[in-house]
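Atoms within a ligand are numbered from 1 in the order they appear, just like the ligands themselves.
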Amino acid sequence: MSSKLAGARAPATRIGTTLAMAVAVALLGGCGRSEADTSAPAATPAAADGSINPDSWPQVEWPLKADPEIEKKIDELLASMTLEEKVGQVVQGDIASLTPEDVRKYRLGSVLAGGSSDPGGKYNARPEEWLKLADAFWEASMDTSGGGKAIPVIWGIDAMHGQSNVVGATLFPHNVGLGATRNIELQRRIGEITAQETRTTGMEWTFAPTVAVPQDVRWGRAYEGYSENPQLVADFARAMVEGLQGKAGAPDFLDDRHVMVSVKHFLGDGGTSNGRDQGDTLATEQELREIHAAGYVTAINAGAQAVMASFNSYHGTKLHGHKPLLTDVLKGRFNFNGFVVGDWNGHGQIPGCSNDDCPATFAAGLDMAMAPDSWKGMYETTLAAVRDGTLAQERLDDAVRRILRVKFLMGLFDKPKPSERALGGKFELLGAPEHREVARQAVRESLVLLKNQGGLLPLSPKQRVLVAGDGADNLAKQAGGWTLTWQGTGTTRADFPNADSIWQGLERAVKAAGGNAELAVDGKYKAKPDVAVVVFGEEPYAEFQGDIANLLYKPGNDADLELIKRLKADGIPVVAVFLTGRPLWMNREINAADAFVVAWLPGSEGAGVADVLLRKADGSVAHDFKGKLSFSWPAQATEGNVRSPDYKALFPFGHGLTYADKGDLDALPEDSGIDGLHAAPGVYFSNAMLAPGLAMRVENAQNHTAQITTVPARLHDGSIEVTAVDHQRQEDSRRFAWSGTTPATVSVYAEPAVDLSRETNGDLLLVLTVRPDSIPASGKLGISAGRGQPVSLRESLAALPAGEWTTVGVPLKCLAHAGADASALDVLLRLHGDAEAALSVSRVAIGAVSEAEHIVDCPRGE
Ligand code: BGC
Ligand code: BGC
């Protein structure tokens, strides 16, 4: 998560690539080999005022010429549909919030399964359960007993790196790793396999590929993008669409062995300021066209059936309401005649809209609103909007026509239920050995070698190999976000039946060659090894939970670095294998290790790592390194935007060593330039210190106020007193004591104000590590943020054992509902008391539900 505590940065809109690349190459000295970077629009930038001139956009050919037979069928069907049936086609609900009965009753045209939505609410539901539910939705959509028309439902799912919501599926590397392979044909094959595995469980539609061109890897979704380079994204996008859907014009196009795509997220998701999820993209129109749109041009030209609108804004206008881009460019210039699907309640973020009510999004060009939990409201309000003329009937008809066109192109009107289609129920395809072999090849080819001091690699498998680090035998870390659960967290090894960890691959190969392999996650070996492979990296994340404020790796936690150093101190050569969704500032780890390999988020086939690191038993090299950086690798932790004039690359786009290269590196500078407190954004108070930019003040009802710089401190009327107390360290905490004589508050102010709207939109909490010392039986003890009203804490705190430290979470949504404007919080939190009370606090931070032992009840049940 990220807040803007580090201070607002000027939006980076300058076109600086050519320059930045030149600087990067110059800085590189001897250690870089790189491909030519073609990511620049080199011409002079036009003014970036957010205006769109559709005529400046290329004409794209959607290859599916209007088929008169299909158009006639659509005409007939449209003419016979009621208004209710039409609206049912343009609203998509989530399986966690609707039943087959709802599909039957409301004649809904599609359903989705969000990242955390599963049959029976079980993240590890069996493939059979998915397929059974798919049949039930299909049967409901085809049931005409109530008088409706039979229009087959389509089910969309985030099959983003394989059919990654389903236990046992082949898990391919995330796109960041695929981009590093540079292997377009392999990507096509991955698309084909993903389509087949998806079809086994009944879905005919994936929310992929992501064709974002991330310019700032602080964005938590950077790993979903193939590259910072638009040409590379364009090439992969075409191959992936052709793999998933089949080739337009070929007899097997969109048949039962393929799935339709949604190319996402249109447009500019990879260009938001500071890499903020759902943020504002301030690119020029030229940058938008030449960088961010690159993947749409090839995907649409390959016959993409759907495009997903993005959460981000373009110069302040939310894409879900952006008519020039959704209609004039995408449908007009790009000649896209499939349909535009929205993103998760994305329409609700348009000013004047709510999740339940948004005719404006359809007017702007959206054809199907993704209304996961809000589908019923959207259904009713859209119906009303067409009835009263707010939304033009022709626009609704056009949207329905587009959705029906896709259903006809897929031949769905003639298909049996999902389980009776060609691949329905063929679960032996999930994680089939030949599929896993392709994934393993992708892992091998995605590995990027950054350092190989003294030619340590490749390793002889005949020696004693220690495998250490918490990524060594950890499938969740290998797979990253969008795996079984939304954030990829909360899974166990048993959820990955068709998978090898990196350790398993190494162990098998070393043993087969007569060597000796030992796993010790903490590095505490039983027998001294000849060499150690330390596997470590980022914890899984998705969407905004992966946003970071700078490029530090695990700020405040040097455990992995210390592990490498400890082994080195024992005289053991170390190969570092880094699992990550993005390049980070790793100078210290690169210095400490003899060899440094970036494995990205490889997925289920950890054995691909051993294939490259180890020689064959006969001493020959089995597989050399092929991976080349698809994102620049930063020289500094302070700047993540490759187009910023401040950005400096350590290794440029295209860099990656092979065994033929000399892999020695001189020591890299180890000062990140970021102080300890900036390092951990989202932590407001810890170890007796407030984060930079924050101040603590006490105030009474008469507006007397005192800033707390040292303790003890008290307001002159004695209404509130602040003292130092101990939790984990001496005086690391603060105790707030209210006298009860007059109401008083203690507040944490932010200057400049902090934008927590994205965090509030999710399920995050303000997590306080507290010790209820003395909680009154009545009176007020509450918490607020911004200008909001206090939410009561008294009942929650009174229920806890007095004098014991614990963690209490206040949902950010709670504070917003009480009136806090999450987009501009000048007061991060305020504790209010009007009775005698005492509460100690040792830490205040933004955190996940799992980080709080107790969660405060919200008014309005949120
Ligand atoms: C994400 C999309 C995803 C959708 C459905 C959204 O929050 O932005 O990429 O396809 O959820 O899970
Ligand atoms: C869903 C995701 C979705 C996200 C949006 C989650 O609960 O599972 O699919 O993208 O919410 O914030």
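Counting the atoms of ligand 1 from 1 in the order shown, those under 4.0 Å from a heavy atom of Lys264 are 2 (C), 3 (C), 9 (O), 10 (O). Annotation for ligand 1: atoms under 4.0 Å from non-hydrogen atoms of Gly114 are 12 (O). Counting the atoms of ligand 1 from 1 in the order shown, those under 4.0 Å from a heavy atom of Phe207 are 10 (O). In summary, the atoms of ligand 1 found under 4.0 Å from a heavy atom of Gly115, numbered by their order in the structure, are 12 (O).
For a threshold of 3.5 Å applied to N or O pairs, the pair formed by Trp344 and ligand 1 contains no separation below that value. Backbone and side-chain nitrogen or oxygen atoms of Asp343 are examined, and one is located within less than 3.5 angstrom of a nitrogen or oxygen of ligand 1.
At least one heavy atom of His265 sits closer than 4.0 Å to an atom of ligand 1. Residue Arg221 places a heavy atom under 4.0 Å from ligand 1.
Of all heavy-atom pairs between Val166 and Pro127, the closest is CG1-CG, 4.1 Å. For Gly246 against His258, the heavy-atom pair with the smallest separation is N-CD2, 3.2 Å.
Every side chain to side chain contact (heavy atoms under 4.5 Å, CB included) that Ser604 has, sequence neighbours left out, goes to Thr170, Leu171, Ala499.
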Practice item. Just do the side chain to side chain donor-acceptor pair (under 3.5 Å) check on Asp94 and Ser117 with the steps written out, would you? Key: CA-CA 7 Å; Asp94 180 274; Ser117 311; 2.8 Å; yes
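Counting heavy atoms closer than 4.0 Å to ligand 1, residue Phe311 contributes side-chain atoms (C-beta onward) but none from N, CA, C or O. The side chain of Leu112, and not its backbone, has at least one atom closer than 4.0 Å to an atom of ligand 1 (non-hydrogen atoms only; side chain from C-beta on).
Within the structure, every pair that satisfies the salt bridge (Lys or Arg N to Asp or Glu O under 4.0 Å) test and touches residues 262-273, not counting sequence neighbours, is listed here: Asp158-Lys264.
Salt bridge Arg643/Glu287: absent, no basic N to carboxylate O contact under 4.0 Å.
A side-chain donor-acceptor contact under 3.5 Å links Lys407 to the backbone of Gly109.
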